[in-house]
Amino acid sequence: MHKIEPKALVDRFGRRVDYLRLSVTDRCDFRCVYCMAEDMRFAPKAEILSLEELATIAEAFVELGVRKIRLTGGEPLIRHNIMSLIERLGSLEALDELVLTTNGSQLQRLASPLRDAGVQRLNISLDSLNPRRFRQLTRIGHLEQVVAGIDAACDAGFERLRLNAVIMRGRNDDEVLDLVDFARSREVDLAFIEEMPLGLIDEHDRALTLATSDWIRERITECYALTPLGDPDGTAGPARLYRMAGSDSRIGFISPHSNNFCHLCNRVRVTVEGRLLLCLGNEHSVDLRDILRSGADAATLRQALVDAMDLKPERHEFNVNDEPQILRFMNATGG
Ligand code: SAM
Ligand code: SF4
């Protein structure tokens, strides 16, 4: 076996992987219509990674040069004892960025502890400002709880907050400008994400509801001119960023359908069942749980991560008119 060089996570296409999206639970206190079926079956406890196993995997990635970890799920903040994992990762010196994606439901309680534990930035999902509609889209959630959570996060002093919105034609497409104005009022960023065909949902027909980034951008420019920004602080990832006159809030568009960003891909995902997914839009994976539970030492785990890079496909193929090729739901994938 050859010796592993530090920063060895490079795939066959020369892309360096330095970003891990780690799913800490597949469970959620919401059931968003584009993410989950109404009646979901979650992984049994024996099949999900313990907090210790999650930390071991995260630390192996950091030793191999990963500099950014995003905790996600499901809803990461409903995992029992999640703060202990976050505190452990927050103290890793080699990790430059620890960030988290949340639906905001627990932020009134946890925004300050997260900041204190070293989480630098949060993405908070918000698809509607109408309480009844918010309820319909999340099937369970309460808008006022999430808005209070966003305000708690604003007060806690995160470096940059970003709201994530999935716009669906005929459902919340009349709220594009309201969401922009809300972001401006809180001085936070706002990213619009095109709905991706992950998991079979019966709630709506994705081919009919897809609101493309171009369509959303046209709605915004009816009110605010948008100036392309590039990626000034290196945090945009696949989002194309714009600024608006008279506001610090930036608008981002994540367009898996209308804009292929795979050539820039620097990330991999680990599901809470320990599956290392090399690409959001493909099934190529490695079972890290098997490796961990077979008693492998840290070096063997690291070697498995290095070897897995050869499986990273060149690009994803999403076609909204086809049946989803990816039968995992977003909550199982780690959004
Ligand atoms: N529960 C957290 C939340 O909602 O922010 C984190 C996990 S969630 C799966 C992460 C992000 O994925 C959310 O912003 C959500 O809107 C987005 N998402 C879920 N399903 C999606 C889909 N089918 N297409 C596009 N985005 C999706
Ligand atoms: Fe839960 Fe997030 Fe999926 Fe909504 S998008 S159901 S909040 S995991």
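Since the model is a prediction, treat every value here as computed from it, not as a measurement. Sequential numbering from 1 along the given sequence is applied to the chain's residues.
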**Asked** Can you name the nearest heavy-atom pair linking L278 to P313, along with the distance?
**Response** CB-CD, 4.0 Å
**Prompt:** Within the distance-only criterion (no hydrogens, no angle test), does the side chain of S249 pair as donor or acceptor with the backbone N or O of A183 below 3.5 angstrom?
**Reply:** yes
**Prompt:** K312 side chain to R267 main-chain N or O, any donor-acceptor pair under 3.5 Å?
**Reply:** yes
**Message:** Does D116, at its CG atom, have more than 12 non-hydrogen atoms belonging to other residues, nucleotides or ligands within less than 6.0 Å?
**Reply:** yes
Measure from NZ or CZ of [X] to the centre of the six-membered ring of [Y], then state whether that distance is under 6.0 Å and the direction lies within 45° of the axis.
X    : Y    : value
R115 : F158 : yes
R184 : Y224 : yes
R219 : W215 : yes

Pair [X] + [Y], salt bridge at N-O below 4.0 Å:
X    : Y    : result
D189 : R160 : yes
R15  : E314 : no
D18  : K68  : no
R302 : E63  : yes

**Asked** Between V99 and N123, is any pair of side-chain heavy atoms under 4.5 Å apart?
**Response** no
**Prompt:** Do R162 and L190 come within less than 4.5 Å of each other through their side chains, counting heavy atoms only?
**Reply:** no
Determine whether the side chains of [X] and [Y] contain a donor N or O and an acceptor N or O closer than 3.5 Å.
X    : Y    : answer
T138 : R31  : no
S213 : S255 : yes
T102 : E75  : yes
D29  : Q106 : yes

**Request:** Check step by step if salt bridge (charged side-chain N to carboxylate O under 4.0 Å, His left out) holds for R275 and D287.
**Result:** CA-CA 5 Å; R275 225 175 127 200; D287 189 342; over 6 Å; no
**Request:** On the 0 to 90° scale, with breaks at 30° and 60°, tag the F253-Y242 ring pair as parallel, tilted or perpendicular.
**Result:** perpendicular
**Item:** Residues that R133 engages under side-chain contact (heavy atoms from CB on, under 4.5 Å), provided they are two or more places apart
**Value:** S128, N130, Q136, L137, N172, D174, E175
**Asked** Given the rule in the side chain to side chain donor-acceptor pair (under 3.5 Å) test, do R79 and N81 qualify, once you have shown the distances and angles that lead to the verdict?
**Response** CA-CA 6 Å; R79 171 116 193 211; N81 229 351; over 6 Å; no
Which pairs of donor and acceptor atoms, one on a side chain in residues 292-299, lie under 3.5 Å apart (sequence neighbours left out)?
from, atom 1, to, atom 2, distance (Å)
R293, NE, E53, OE2, 2.9
R293, NH1, A46, O, 2.7
R293, NH2, I48, O, 3.0
R293, NH2, E53, OE1, 2.9
S294, OG, D290, O, 3.4
S294, OG, I291, O, 2.7
D297, OD1, A299, N, 3.4
D297, OD1, T300, N, 2.9
D297, OD1, T300, OG1, 2.5

**Prompt:** Can you check side chain to side chain donor-acceptor pair (under 3.5 Å) on D214 and T212, steps first, answer last?
**Reply:** CA-CA 5 Å; D214 287 345; T212 63; 5.3 Å; no
